[in-house]
Amino acid sequence: MSRSAAALITLTLVGLTAFSAGTASAAVPAGGRPDVANVTSVLNEGKRPEGATCRAVREIIIIGGEEAKITRTLCRAVGSTAFTPVS
């Protein structure tokens, strides 16, 4: 995966607070690059023993016709508003 795709994945993960399992979003990131598109899908959601909410997400990023895919787990700690990657 290119560094620009990895950076874009990191940026799009910030907006996942409004998603629930089975939903997806397609968007061009802020900055308006017409050669970039992404789709974020939440695969499932669960709770950890300490109370954190975790989501398995799949990101598909297309930059200049090159597609990159990544599946990872994001968790939001109790009292936090942000999901952070844990895998």
Which heavy atom of Val78 sits nearest to which heavy atom of Glu50, and what is that distance? CG2-O, 3.7 Å
Considering all heavy atoms, the nearest Ala52-Ala77 contact: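 That would be CB-CA, 4.2 Å.
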Evaluate the side chain to side chain contact (heavy atoms under 4.5 Å, CB included) criterion for residues Val86 and Arg48: first the C-alpha distance (whole Å), next the side-chain angles of each, then the deciding distance (0.1 Å), finally the verdict. CA-CA 12 Å; Val86 295; Arg48 289 194 164 184; 3.7 Å; yes
Look up atom [atom1] in [X] and atom [atom2] in [Y], then write down how far apart they are to the nearest 0.5 Å.
{"X": "Leu74", "Y": "Thr84", "atom1": "CG", "atom2": "OG1", "answer": "7.5 Å"}
{"X": "Ile70", "Y": "Ile61", "atom1": "CD1", "atom2": "CD1", "answer": "9.0 Å"}
{"X": "Glu66", "Y": "Asp35", "atom1": "CD", "atom2": "CG", "answer": "11.0 Å"}
{"X": "Arg72", "Y": "Glu59", "atom1": "CZ", "atom2": "CD", "answer": "7.5 Å"}

The complete set of disulfide bond (SG atoms under 2.5 Å apart) pairs with one or both residues in residues 46-83, sequence neighbours excluded, reads Cys54-Cys75
Sequence-distant partners of Thr73, side chain to side chain donor-acceptor pair (under 3.5 Å), two or more places apart: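 Thr73 satisfies side chain to side chain donor-acceptor pair (under 3.5 Å) with Ser87 only.
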Residue set satisfying side chain to side chain donor-acceptor pair (under 3.5 Å) with Thr53, at least two apart, ordered chain then number -> Lys47
Does any N or O in the side chain of Ser41 come within less than 3.5 Å of the main-chain N or O of Leu43, such that one atom is a donor and the other an acceptor? no
